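Take a look at the structure set out below.
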Amino acid sequence: MAPRVIPVDPFDLVIFGGTGDLARRKILPGLYRRFQAGQMTDAGRIIGAARADLTEESFRAFVREAVEEFTPAARRDEASLAEFLKHIRYVAIDAKGEGGWPQLKALMRADVVRAFYFSVAPALFGDLAERLHAHAIADAQSRIVVEKPFGRDLETARALNAVLAQHFDEHQIYRIDHYLGKETVQNLMAVRFANILFEPLWKAEYIDHVQITVAETVDVSGRGAYYDKSGAMRDMVQNHLMQLLCLIAMEPPYHFDPDAVRDEKLKVIRALDPVAPEDIVRGQYRANGKAGDSYADHAENPESRTESYIALKAHISNWRWKGTPFYLRTGKKLRARSSEIAITFKEPPHSIFDDERGWRENVLVIRLQPNEGMNLMVMIKEPGPGGMRLMQVPLDMSFAETVGADLDDVPDAYERLIMDVIRGNQTLFMRGDEVEAAWAWADPIIQGWETRGDRPQLYDAGSSGPEDALMLMHRDGRRWRDIRE
Ligand code: NAP
C-alpha cells in the first residue's frame, strides 16, 4: 500500500545556506522525493541562497549532483529530476550585507506560502530575520525553519529566541528536531493515544523502567573542532533524547494539536529532577588498535575533556512517573548504529506457573533506526507437548509489514518536516519555551562537570561504551539492552 499523498499548497521556499552540507545531503534530495511523489506540485519553488556567486545553471547542476548522490538510483528517474530542476532558482546573498535582497524580493511570488530555511550558522539567524523584514520579504504568514544547535546553554538559547521574536511570532518559527519527524516516533503517539490497551499500564505502577538509546558508529572526524565545543550532552541529549523522553512520558494532550502536544511535553521537562553526579557517566572513545583514531586525535585536542558518550538516569517527579527511572545513553563510535526506546514492564504480582525458567518481563521496543518498527515482547506457552513451559516471543508491530507499506515510499524525517512547514503544522517542531526548559535542566549538569573538571572515562572504539555505564544499571539490578543493528 503506497502512502497517501496530499499535495501541499503552492510555495516559495528559500534555503539560506542552499550550497551547504545539510542542503546537499538532506534538504534538496528530500524535496526532490516529495516532488517525485506528487506532494510538492508544479506550483512549488525552491530558491537557493548563499554568498557564492553562482548562476542559476550552476546551482541547478549542484542540486542535480546532490540528488544523484543522496537518492538511491532505484528511487529516482531522469524525467522527474529534470522537471524538478525547473523549480529551482538561485540568488547570491550575504546574510550580513545588503546585496542580493532586492533580487530575492523580486523573485518571490505573491499569494503563495513563503518559507525561509535558515540552513546557516545560528550566528546568522538574527541578520537573516532582520533583513527579511527590512526588505519586506517576510510577512505575518511567512515561516522560518531553524536548525540545531539551538543555543549552547539557556542564556544563548534565550538570546536566539529573543532575536527571532523581534521579527517573527512563535507560530511562524519551526525549530527542527529531525528525530520528531521519524515515522516510528509518530507511530508511538498513535499507539499510545489511539488505543486503550497501553495507556492504563503507562505509569510507574506498571512500568519498571525506560531505556532510550541512540548509538552511533560514526566518529567525530571531519567535525572534531565543532563537536569538541559541544559534546554528547549538548549535541544529542538536550534535544533528541529529551524529545523522545517527552513523547514517552507526556500526558495525553486534549487534541493532536501543536500547542496541546507541546504544552504536555513542556510539563515533562519541567518535572525532571536535577541529575545527581553519580547518576551520570561520561565517556570518550579511544583508538582500538588503530593509531590516530581516538577522540582526542579526531578533535585535534589531546587534552579534550569533551564527552563522546553519555549515560544518565533521569527521574520525573509527577504522579505518573514517580519511582520509574528513565535511563538515557548515546555515544559515537559504538559497536552498532542503533536507536531504540525500550519500555520494560513490571513482573506480574503473582505467578501461577511452576516453570519460570524462561520467564522475562514484557518489553515494548520502539526501534527508530535501523529497521523502524515496534515489538512487544510477551510470554506464551512453549509449543509442544512438554507441559506448561513458558517462553518469550516478539509480537511484531512493525507498521511496514502490517500495512504492507513499501518502506522506501515512506518519507524520511526531513521530507516530512519540510512538508509540515509548508502545511503550517508545528506539532513536530520544538517551541521556544520547550528548548529553554531543556537547557535549564541540562545546564547545571554541564556546569557541574565543568566546575569539577571531570574527565570522561575512556572506552574502546567499537565497544558498548564505558564500564561505569554498565554499573549505572547493575547497581539498580537492571541491565542495558544489547546495542545491535
Ligand atoms: P555548511 O556546509 O558550512 O554550509 C553553510 C552554508 O551557509 C553555505 O551554503 C554557505 O555558503 C552559507 N553561508 C555562510 N555564510 C553566509 C552568509 N554570511 N550569508 C549567506 N550564506 C552564508 O553548513 P551545514 O552543515 O550545511 O549546516 C547548516 C546549518 O545546519 C548549521 O546551523 C548546522 O549547525 C545545522 N545542521 C547541519 C547538519 C548537517 O548534517 N550538516 C545537521 C544538523 C544541523 P557561502 O559560503 O557561499 O555563503
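The shown structure was predicted, so the numbers you read here are calculated from the model rather than taken from an experiment. Note that ligands are numbered from 1 as they come in the structure, with each ligand's atoms numbered from 1 the same way.
Within the 3.5 Å criterion, the main-chain N or O of K229 finds a donor-acceptor partner in the side chain of R152. Of the possible donor and acceptor atoms, one in the side chain of D297 sits under 3.5 Å from a partner among the backbone N and O of D293.
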Which protein N or O atoms sit under 3.5 Å from any N or O of ligand 1? Give atom names and distances.
residue	atom	partner	partner atom	Å
ligand 1	2 (O)	D21	N	2.9
ligand 1	9 (O)	G17	O	3.4
ligand 1	9 (O)	T19	N	3.4
ligand 1	9 (O)	T19	OG1	2.6
ligand 1	9 (O)	G20	N	3.1
ligand 1	11 (O)	T19	OG1	3.3
ligand 1	15 (N)	R51	NE	3.4
ligand 1	15 (N)	R51	NH2	3.3
ligand 1	18 (N)	D94	OD1	2.9
ligand 1	19 (N)	A95	N	2.8
ligand 1	26 (O)	D21	N	3.0
ligand 1	26 (O)	L22	N	2.8
ligand 1	32 (O)	V120	O	2.7
ligand 1	34 (O)	K148	O	3.1
ligand 1	40 (O)	R25	NH2	2.4
ligand 1	41 (N)	D21	OD2	2.8
ligand 1	46 (O)	R51	NH2	2.9
ligand 1	47 (O)	R51	N	3.4
ligand 1	47 (O)	A52	N	3.0
ligand 1	48 (O)	R51	N	2.8
ligand 1	48 (O)	R51	NE	2.8

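Taken to the nearest 0.5 Å, the CG atom of L328 stands 13.0 Å off from the NE2 atom of H240. Residue L247 holds its CG atom at 6.0 Å from CG of L188, rounded to the nearest 0.5 Å. Taken to the nearest 0.5 Å, the CD1 atom of I418 stands 10.5 Å off from the CE atom of M40.
In this model, a donor atom of one side chain and an acceptor atom of the other lie less than 3.5 Å apart for S80 and Y32.
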